[in-house]
2 protein chains.
Amino acid sequence: MSSFNSSDFKKKISESTIHRLSRYFRALESLEKKGDETVSSKELARSEKLTPAQVRKDLSFFGSFGTRGLGYPVIELKIRISHILGLDREWRIALIGVGNIGSALVSYKEFSRQGFKIVKLFDNDQRKIGSNHKGIVVSDIKNLSTELKDAGIEMVVICVPVQDAQYLVDDVVKAGVRAILNFAPAVLKVPDGVFLRNENMSMELEYLSYALVNNHVQK
Amino acid sequence: MSSFNSSDFKKKISESTIHRLSRYFRALESLEKKGDETVSSKELARSEKLTPAQVRKDLSFFGSFGTRGLGYPVIELKIRISHILGLDREWRIALIGVGNIGSALVSYKEFSRQGFKIVKLFDNDQRKIGSNHKGIVVSDIKNLSTELKDAGIEMVVICVPVQDAQYLVDDVVKAGVRAILNFAPAVLKVPDGVFLRNENMSMELEYLSYALVNNHVQK
DNA sequence: GAATGTGAAGGTTTTCACAGCA
DNA sequence: TGCTGTGAAAACCTTCACATTC
């Protein structure tokens with residue numbers, strides 16, 4: 001990029017900051033349930049095992065939400081963060097690959113609670129096509145492109161074997177979807193402007209294995 | 001810690017480096033399958049979307065595995081990394097909470113392929129206790145402590161509702177287990193010397209939501 | 001007095017760039 | 001010549017410390 005004007009300038013916010021916002025959001029939900037009206041950076045930090053300065057810095061990237069001497073208003077801050085993260089709306093999601101992991105995710109309450117609504121399922125297995133999971137009928141992967149468009153799908157979750165992942169991602173991108181969550185242990189290519197995140201459930205077990213073998217000192 | 005001698009001195013290796021080792025390991029498995037005998041940091045980097053310098057630096061923390069002018073020997077490097085990560089052995093794992101996610105994980109091939117063997121299941125639901133998942137009979141959570149010890153369990157995977165997670169972790173720690181993978185969206189406390197990792201599947205969807213809403217430029 | 005918001009300091013991770021070796 | 005191994009530089013992220021505000 002050789003030039004920019006003030007409207008397309010945006011300070012790069014780190015991935016860690018965004019992940020911590022998710023955590024603050026959850027902490028605030030539980031404070032709201034408890035009936036707390038305000039919370040200090042110190043309290044928020046303690047509940048998430050962070051430093052107060054970290055909490056304040058993270059929030060300061062997006063505005064000044066607190067009151068000096070008092071702290072942050074729980075409900076308002078929750079609303080602000082939900083807006084920043086795009087959690088103040090519903091997302092229409094399709095899930096491809098209704099195997100072990102896939103069908104577990106269809107029933108995963110945490111997704112729907114946060115506004116992530118799985119509304120379409122796809123598979124290539126004739127025995128699965130037409131079957132019903134939590135009220136959603138599994139579609140044939142053949143009709144992927146048109147059905148993704150017709151259903152107004154904005155995000156796709158990929159739960160297929162590793163060898164099928166790349167060509168499915170290609171199809172999904174062709175259908176105009178710009179956000180993909182991939183559970184297959186594969187490094188996938190997507191064009192610029194498409195957001196891809198990977199969820200690798202073995203990785204954390206491998207970290208534990210490393211920690212035990214090396215008696216690694218936990219930070 | 002107020003003093004150390006050379007034998008317990010260990011340079012702190014970053015979490016990111018360990019996670020990248022997992023990725024190199026998988027890449028090497030696939031290179032081995034392809035029959036490649038050597039690989040350069042450049043090739044490894046490209047396949048994982050990293051820089052060659054990053055690959056070399058990561059590996060250099062653990063030794064000099066390559067040959068100048070040539071690259072790294074695929075099979076030997078794979079063996080070395082598997083040893084560093086503790087993947088050259090089997091781990092005996094218990095899974096607590098045989099719900100959606102829990103029962104999907106029991107059948108998750110990637111775990112067993114990597115030497116993570118789920119050998120015990122626990123639940124507190126009478127309808128589940130005694131039932132059979134992939135050849136493993138679900139035990140009553142009441143007998144957790146003795147059964148964990150008798151089975152020689154080294155790692156525990158927690159897939160229970162958020163409100164049950166902390167006291168179960170406490171019991172697991174009391175039973176002498178030092179590595180825990182937690183799928184509940186809770187911030188759990190463990191004493192020093194116990195390794196806890198969290199797997200939060202909503203977090204990456206939230207990141208995608210943030211990216212779409214802010215049209216965040218992907219790095 | 002209490003707690004935010006934020007430049008500056010400090011620390012960590014990544015990248016650069018090149019000496020050294022096959 | 002080609003590619004590793006690695007100090008040094010650059011980039012990035014976290015923490016400090018304090019002026020500011022309620």
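Throughout, a chain's letter reflects where its sequence line sits, starting with A, and its residues are numbered from 1. Excluded from the calculations below are hydrogen atoms, water molecules and symmetry mates; all remaining heavy atoms, backbone and side chain alike, are included. A quick note: this is a predicted structure, and the numbers were derived from the prediction, not measured.
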> Does a nitrogen or oxygen in the side chain of A:Ser14 sit under 4.0 Å from OP1 or OP2 of D:dC12?
Replying inline: no
>> Quick check for you: to the nearest 0.5 Å, what is the distance between B:Ile84 atom CD1 and A:Ser209 atom OG?
In response: 11.5 Å
> Base, sugar-phosphate alone, or nothing: which one does A:Thr17 contact when heavy atoms must sit under 4.0 Å apart?
Replying inline: nothing
> Picking from D:dT14, C:dT13, C:dT4, which would you name as closest to the side chain of B:Ser16?
Replying inline: C:dT13
>> Taking the side chain as everything from C-beta on, heavy atoms only, tell me whether B:Leu188 gets closer than 4.5 Å to B:Ile180.
In response: no
>> Applying side-chain contact (heavy atoms from CB on, under 4.5 Å) to B:Tyr210 and A:Leu21, what does each step give before you reach the verdict?
In response: CA-CA 10 Å; B:Tyr210 168 78; A:Leu21 286 188; 5.8 Å; no
>> Checking contacts here: which listed nucleotide (C:dT15, C:dT4, D:dC3) is nearest the side-chain heavy atoms of A:Ser41?
In response: C:dT4
> So, is the end of the A:Arg197 side chain (NZ or CZ) under 6.0 Å from the ring centre of B:Tyr207 and within 45° of the ring's axis?
Replying inline: yes
> What distance do B:Leu148 atom CG and B:Asp171 atom CG have between them, rounded to the nearest 0.5 Å?
Replying inline: 9.0 Å
>> What is the separation between atom CD on A:Gln54 and atom C1' on C:dT4, rounded to the nearest whole Å?
In response: 16 Å
> How many angstroms lie between atom CZ of B:Phe111 and atom CD1 of B:Ile93, to the nearest 0.5 angstrom?
Replying inline: 7.0 Å
Which atoms of nucleotides 5-7 of chain C (N or O only) lie under 3.5 Å from a protein N or O atom, and what are those distances?
residue	atom	partner	partner atom	Å
C:dG5	OP1	A:Phe65	N	3.1
C:dG5	OP1	A:Gly66	N	3.0
C:dG5	OP2	A:Tyr72	OH	2.9
C:dG5	O4'	A:Arg68	NH2	3.1
C:dG5	N7	A:Arg56	NE	2.8
C:dG5	O6	A:Arg56	NH2	2.9
C:dG7	N7	A:Lys57	NZ	3.3
C:dG7	O6	A:Lys57	NZ	3.4

>> What is the separation between atom CZ on B:Phe62 and atom C1' on D:dT6, rounded to the nearest whole Å?
In response: 16 Å
